Amino acid sequence: GDDEVQREVTYAEAAWVNGTIRVHEFETIEQYQEWDETPVENRFESTVAATRQTVNLRAGTLEFSAITDDTNGDFSVRVPSGFDYHMTALSLENVGYGQLLTVDAGENIDVGVLYLAPIVDVSGFIYLYDNSSRWDSTLPLWEAPVVTATNDDGLELQIDATDSGSFSF
């Protein structure tokens, strides 16, 4: 018939975020600190590719990820442009990388070579009211809360709490 249908659709032009992740293999924090004083232009040769490393980009409820390749540590992820992303790469070896990244409309971004750095473990439990009752799956209608850690630059890391109410970054 003659019925009109109106729809409002939000559209964001896609952009590619590309880069390479590498890591300096160190035994002690002192070895890392010594390497960290190396001029950036000389770091590549003293590092190895961070292969099979997950790279996450998050803007509000939008989340995208990519995994670095098996050869060079290269990654490429397609995201909607026009957003500020929290880009993170965390490894089980207590090294990671994070930065705030603005993806302007229609612009692909090459972030270049990123180097994983030592990170500190932060862990704990979520308590209800009195520091003696855990916020965990034994509570009726419980859902795992999201724990957010924010650094001085505003970069956020998020993780779901476990069924026991614990979290670990």
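What you are looking at is a predicted structure, and each value in this text was computed from that prediction instead of being measured. This chain uses plain numbering: 1 for the first residue, then up along the sequence.
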Distance-only, no hydrogens or angles: does the [X] side chain make a donor-acceptor pair with backbone N or O of [Y] under 3.5 Å?
X      : Y      : value
Arg134 : Gly165 : no
Ser91  : Val95  : no
His24  : Ser46  : yes
Thr38  : Arg43  : no

Looking at [X] and [Y], what are the two nearest heavy atoms and their distance?
X      : Y      : result
Tyr127 : Ser132 : CD2-N, 3.9 Å
Ser81  : Ala105 : OG-CA, 3.3 Å
Val147 : Phe169 : O-CZ, 3.4 Å
Arg52  : Asp70  : CD-OD1, 2.5 Å
Asp163 : Trp142 : OD1-CZ3, 3.5 Å
Arg58  : Glu63  : CG-CG, 3.6 Å

Q) Of Thr68, Asn72, Asp69, Asp74, which is the lone residue that meets side-chain hydrogen bond (donor to acceptor under 3.5 Å, both in side chains) with Thr20? A) Asp74
Q: Apply side chain to side chain donor-acceptor pair (under 3.5 Å) to the pair Asp136 and Ser164, showing each step before the final yes or no.
A: CA-CA 5 Å; Asp136 61 22; Ser164 65; over 6 Å; no
Q) Stepwise, does the side chain to side chain donor-acceptor pair (under 3.5 Å) test hold for Asp84 with Thr102? A) CA-CA 4 Å; Asp84 294 327; Thr102 298; 2.7 Å; yes
Atom [atom1] in [X], atom [atom2] in [Y]: separation rounded to 0.5 Å?
X      : Y      : atom1 : atom2 : value
Arg22  : Glu45  : CZ    : CD    : 7.5 Å
Tyr85  : Glu156 : OH    : CD    : 14.5 Å
Asp104 : Glu13  : CG    : CD    : 11.5 Å
Phe125 : Ser168 : CZ    : OG    : 10.0 Å
Leu62  : Leu57  : CG    : CG    : 11.0 Å
His86  : Leu100 : NE2   : CG    : 5.5 Å

Q. Do you reckon Phe167 sits in the same ILVMFWY cluster as Leu139, going by side-chain contacts under 4.5 Å, direct or chained?
A. yes
Q.
Do Val146 and Ile126 sit in one hydrophobic cluster, given that two such residues count as connected whenever their side-chain heavy atoms are within less than 4.5 Å of each other, even indirectly?
A. no
Does any part of the side chain of [Y], heavy atoms only, come nearer than 4.5 Å to the side chain of [X], both counted from C-beta?
X      : Y      : result
Ser65  : Phe75  : no
Met87  : Asn56  : no
Thr47  : Val23  : no
Val103 : Phe83  : no
Leu155 : Gln99  : no
Phe44  : Tyr115 : yes
Phe64  : Pro80  : yes

Within a radius of less than 6.0 Å around [atom1] of [X], do more than 12 heavy atoms belonging to other residues, nucleotides or ligands occur?
X     : atom1 : value
Glu30 : CD    : yes
Glu34 : CD    : no
Trp35 : CH2   : yes
Glu41 : CD    : yes

**Q.** Residue pair Ser76 / Asn18, side-chain donor-acceptor N/O under 3.5 Å
**A.** yes
(Q) Against Ile21, only a single residue in Val113, Val111, Val55 fulfils side chain to side chain contact (heavy atoms under 4.5 Å, CB included); can you say which? (A) Val55
Q: Assess whether side-chain contact (heavy atoms from CB on, under 4.5 Å) is satisfied between Leu90 and Ile119, documenting all intermediate values.
A: CA-CA 9 Å; Leu90 303 175; Ile119 56 175; 4.0 Å; yes
